[in-house]
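Residue numbers start from 1 in every chain, and the chains themselves are labelled A, B, ... in the order their sequence lines are given, proteins ahead of strands.
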2 protein chains.
Amino acid sequence: MNAKQPPAKKASLSRPDGVVTLEQVAEAAGVSPSTVSRILNGTAAVSQAKKDAVQAAIQDLGYRPNPVARGLAGGRTLSIGVVTQIISSPFYGEALLGIERELERAGYVPLFVSGNWNEDDERKAIETLLSRRVDGVIVLAGRMPDAELATVADSLPVVVVGRQLAGPQLFSFSFDNREGARLATQHLIDQGHRRIAFIAGDLMHDDAVERQNGYFDALAGAGIAVDPNLIVQSDYTEAGGMLAVSRLLERDAPFTALFASNDQMAIGACLGLHRRNLRVPDDVSLVGFDDLIMARYAMPPLTSVRQSVYEVGVEAANAMLAMLSGGQPKAHLPGPELVARESTRRLSR
Amino acid sequence: MNAKQPPAKKASLSRPDGVVTLEQVAEAAGVSPSTVSRILNGTAAVSQAKKDAVQAAIQDLGYRPNPVARGLAGGRTLSIGVVTQIISSPFYGEALLGIERELERAGYVPLFVSGNWNEDDERKAIETLLSRRVDGVIVLAGRMPDAELATVADSLPVVVVGRQLAGPQLFSFSFDNREGARLATQHLIDQGHRRIAFIAGDLMHDDAVERQNGYFDALAGAGIAVDPNLIVQSDYTEAGGMLAVSRLLERDAPFTALFASNDQMAIGACLGLHRRNLRVPDDVSLVGFDDLIMARYAMPPLTSVRQSVYEVGVEAANAMLAMLSGGQPKAHLPGPELVARESTRRLSR
DNA sequence: TTGTACGCGTTATCAT
DNA sequence: ATGATAACGCGTACAA
């Protein structure tokens with residue numbers, strides 16, 4: 001188009017680089033292309049002699065299979081579609097890292113597309129992935145109806161993180177959000193708090209609901225009645241957390257502790273409290289959730305529930321790889337764990 | 001492999017979904033495949049009548065071109081490779097978001113691969129991208145030698161962010177790191193500070209060097225001698241910032257202000273100071289760089305140099321799109337801007 | 001302006 | 001076990 005290279009007469013010079021094709025390898029090794037393909041994919045048995053010859057030729061010529069051609073030929077593209085929600089979020093970032101690293105070990109490449117917490121965007125994202133002939137799709141949470149996801153799984157292995165659904169080529173797993181939230185709340189209760197405010201996430205999502213349930217669980221276990229005035233719903237962002245605190249404070253329902261259902265909201269809440277001259281943890285104990293890096297470096301360092309987001313990515317990738325090779329997918333995430341830092345303290349009275 | 005669908009007799013049923021091919025569109029519209037292709041790519045003039053017929057058929061059948069086949073046929077894949085360094089970093093995350101959003105508007109899809117600040121990884125990443133027949137490559141900083149990058153540009157349009165190099169199909173642009181750092185330092189000087197410590201990034205990288213130069217500029221402008229004891233080098237991470245503070249403090253070269261050359265190190269430094277019972281801004285004024293979201297929600301909110309990382313992504317994508325359509329790439333980033341928050345204050349004496 | 005025929009690099013089917 | 005041969009879906013000279 002803009003690169004005016006000579007039209008490349010007949011063939012073979014489509015790219016200036018040393019693009020070696022499977023055919024050339026075959027020729028160099030004195031075998032047929034099919035044989036090379038078979039060796040590459042382990043599709044059928046091949047005599048050791050030819051195997052060696054081909055391997056040598058591959059080394060020699062520096063052959064690298066062309067994933068695009070593979071994709072076209074109906075074979076695998078060695079790429080996995082990943083539907084993330086907001087690629088810039090610190091939460092998803094860590095998961096993507098885990099996915100990327102783990103897939104790479106198997107020679108796969110992730111193809112990230114953002115769903116933006118929007119059903120239509122997400123649908124479009126998946127379509128994009130399908131048209132790109134990805135070998136499988138990993139969906140991180142999201143808003144697509146379960147049924148639709150199941151449909152996708154009809155033609156492709158699908159791994160869903162953070163939701164509960166199952167099917168032939170459909171595998172999902174979740175972190176134990178409920179137990180994690182229970183731990184967080186219990187930690188506050190253990191420190192003598194009884195008026196514990198809660199910032200929920202968007203209750204459209206399972207994980208947000210589960211975290212709220214965990215909060216309820218702990219309160220119930222301690223015989224503390226749920227006070228609706230102590231609960232606000234927000235959106236998992238820093239700004240949302242800050243806003244939530246304002247709303248909470250306007251209700252003048254006093255509280256001595258606050259559990260924000262993710263770290264980003266907790267950080268925002270911390271600033272919101274600060275603006276109202278409420279100190280953490282002196283005036284209000286604060287707990288987050290996810291234990292992102294930011295929790296460790298917050299001021300004060302934030303007590304949080306450890307959820308190895310990176311690990312989530314790794315497990316998702318492994319589950320996908322398992323399905324791809326015909327095995328049974330599985331995922332064993334470490335259980336939730338409370339990381340006590342300096343944003344919480346015993347209620348003094 | 002694992003999905004045991006009936007072997008799909010002859011053709012056309014390779015995928016259960018409604019995979020419509022260009023050929024089917026042609027048939028439906030009563031024209032030849034080439035004509036459809038021409039309309040799709042604007043390769044040649046076509047009569048309005050056929051144009052309409054084809055468009056109708058496309059709508060009707062819900063045809064979507066297959067990027068994989070396109071790639072094989074030597075056409076475009078409508079995908080752009082993006083070499084990021086650490087996909088999970090809050091800094092790159094924002095840039096990727098900008099890239100993704102902007103490319104999408106033009107129907108392109110980004111393919112993200114991580115270089116991990118490692119020359120070999122980066123090289124491998126680029127190879128991966130090339131083998132996937134991306135239409136262009138965007139490189140965010142990184143360690144690849146300039147010459148090698150230029151080689152890549154021989155066969156593909158390349159946009160490099162954060163480095164200075166140019167060539168036929170090679171475009172690069174940078175944020176004005178030097179001026180930004182000068183502003184940050186000047187801000188501290190304006191507030192009466194004269195003993196201003198500096199945490200540099202990895203001086204292997206242009207931007208880190210430039211930020212250090214900006215620091216020197218401001219000191220020189222104010223007639224303040226550079227004190228090597230007030231400078232430490234680190235790695236742009238929170239942990240690195242924290243460590244840097246320790247090293248600084250061990251030297252017992254007193255300082256009243258600290259300029260960390262990115263926000264992540266500043267956040268880490270803040271915690272490090274806190275651990276030594278030094279308060280920000282009461283004992284030490286602190287300035288960061290990049291103005292990531294975390295700066296706004298730090299405690300205290302961090303004074304920083306605004307660099308719209310998102311915008312950087314948008315500009316990079318646009319420059320690439322411009323090259324792809326044969327135009328002149330350009331990028332106009334807003335100049336650096338100091339955002340004064342609460343981590344800095346006038347030196348009281 | 002439009003259609004035909006071939007090639008892109010690989011896998012899969014069918015013989016041998 | 002191995003080798004032809006035909007797709008895969010599309011772009012593009014070349015011919016008409």
Side-chain angles (χ1 to χ4, degrees), chain A residues 1 6-15 17-27 29-51 53-54 58 61 63-78 130-133 135, chain B residues 1 5-15 18-27 29-51 53-54 58 61 63-78 130-133 135:
Chain A
M1 192 118 289
K9 274 290 147 61
K10 270 295 172 187
S12 79
L13 276 188
S14 60
R15 288 225 173 180
D17 2 324
V19 214
V20 184
T21 70
L22 180 149
E23 196 176 342
Q24 294 171 6
V25 171
E27 193 172 357
V31 302
S32 79
S34 340
T35 301
V36 179
S37 175
R38 282 191 268 260
I39 294 177
L40 254 41
N41 303 291
T43 314
V46 178
S47 76
Q48 191 59 42
K50 309 217 169 197
K51 239 180 206 165
V54 169
I58 288 180
L61 303 176
Y63 167 76
R64 304 220 321 143
N66 180 336
V68 179
R70 279 188 161 166
L72 223 211
R76 276 124 239 92
T77 50
L78 293 184
L130 290 181
S131 81
R132 304 246 161 204
R133 289 285 190 277
D135 298 339
Chain B
M1 192 114 290
Q5 304 156 5
K9 275 290 148 61
K10 270 295 174 186
S12 80
L13 277 189
S14 60
R15 289 223 173 179
V19 213
V20 184
T21 71
L22 181 150
E23 196 176 342
Q24 294 172 5
V25 171
E27 193 173 357
V31 302
S32 81
S34 11
T35 300
V36 178
S37 174
R38 282 192 267 262
I39 293 177
L40 253 41
N41 304 293
T43 313
V46 179
S47 75
Q48 190 59 42
K50 309 216 170 196
K51 238 179 206 164
V54 169
I58 289 180
L61 303 177
Y63 168 75
R64 302 220 325 144
N66 180 335
V68 179
R70 278 187 161 167
L72 226 209
R76 274 126 239 94
T77 50
L78 292 184
L130 290 181
S131 81
R132 304 242 162 208
R133 288 285 190 278
D135 297 339

Looking at [X] and [Y], what are the two nearest heavy atoms and their distance?
X     : Y     : value
B:T77 : B:P67 : O-CB, 3.8 Å
A:V31 : A:K50 : CG1-CD, 3.7 Å
B:L40 : B:Y63 : CD2-CE2, 3.7 Å

Quiz item: Side chains of B:S34 and B:S37: donor-acceptor distance under 3.5 Å anywhere?
Solution: no
Tell me the interatomic distance from [X], atom [atom1], to [N], atom [atom2], rounded to whole angstroms.
X      : N      : atom1 : atom2 : result
B:I39  : D:dT12 : CD1   : C1'   : 16 Å
A:L61  : C:dG9  : CG    : C1'   : 15 Å
A:Q24  : C:dT10 : CD    : C1'   : 13 Å
A:R132 : D:dC8  : CZ    : C1'   : 17 Å
A:E27  : D:dA4  : CD    : C1'   : 16 Å
B:L22  : C:dG3  : CG    : P     : 12 Å
B:L40  : D:dC10 : CG    : P     : 8 Å
B:N41  : D:dT12 : CG    : P     : 7 Å

Let me confirm one number: the [atom1]-[atom2] distance from [X] to [Y], rounded to the nearest 0.5 Å.
X     : Y      : atom1 : atom2 : value
B:R76 : B:N41  : CZ    : CG    : 7.0 Å
A:I58 : A:Q24  : CD1   : CD    : 12.5 Å
A:R64 : B:L130 : CZ    : CG    : 8.5 Å
A:S47 : A:I39  : OG    : CD1   : 7.5 Å

If you fit an axis to the five pairs at each end of the helix from C:dT1-D:dA16 to C:dT16-D:dA1, how big is the angle between those two axes, to 10 degrees?
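Computed from the C1' atoms at both ends, the axes differ by 40°.
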- Task: Determine yes or no for a side-chain-to-main-chain donor-acceptor pair under 3.5 angstrom, with A:S131 supplying the side chain and B:N66 the backbone.
- Result: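 Answer holds: no.
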Closest to side chain of [X], choosing from [options]:
X     : options               : answer
A:T21 : C:dT10, C:dT2, C:dT11 : C:dT10
B:T35 : D:dG9, D:dT12, C:dG3  : C:dG3
B:A45 : C:dT1, D:dG3, C:dG3   : C:dT1

*asked:* Taking only side-chain N and O atoms of A:K50, does any of them lie within less than 4.0 angstrom of OP1 or OP2 on D:dG3?
replied: yes
| task | Check whether any side-chain N or O of A:S47 sits under 4.0 Å from OP1 or OP2 of D:dT2, and answer yes or no. | result |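 True: A:S47 side-chain N/O within range (under 4.0 Å) of D:dT2 OP1/OP2.
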Could you tell me if the side chain of B:V25 sits less than 4.5 Å from the side chain of B:T21, heavy atoms only?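 Result no, sub-4.5 Å side-chain heavy-atom pair not found.
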Between the base of C:dT4 and the side chain of B:S34, is there a donor-acceptor distance below 3.5 Å? yes
**Prompt:** Any donor-acceptor pair under 3.5 Å joining the side chain of B:R38 to the base of C:dG3?
**Reply:**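 Flag set: donor-acceptor pair detected.
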The correct set of residues in residues 63-73 of chain B placing a heavy atom under 4.0 Å from DNA chain C is B:L72, B:A73
Heavy-atom nearest nucleotide on DNA chain C taken for A:E23 and for B:P33; more 5' hit belongs to B:P33
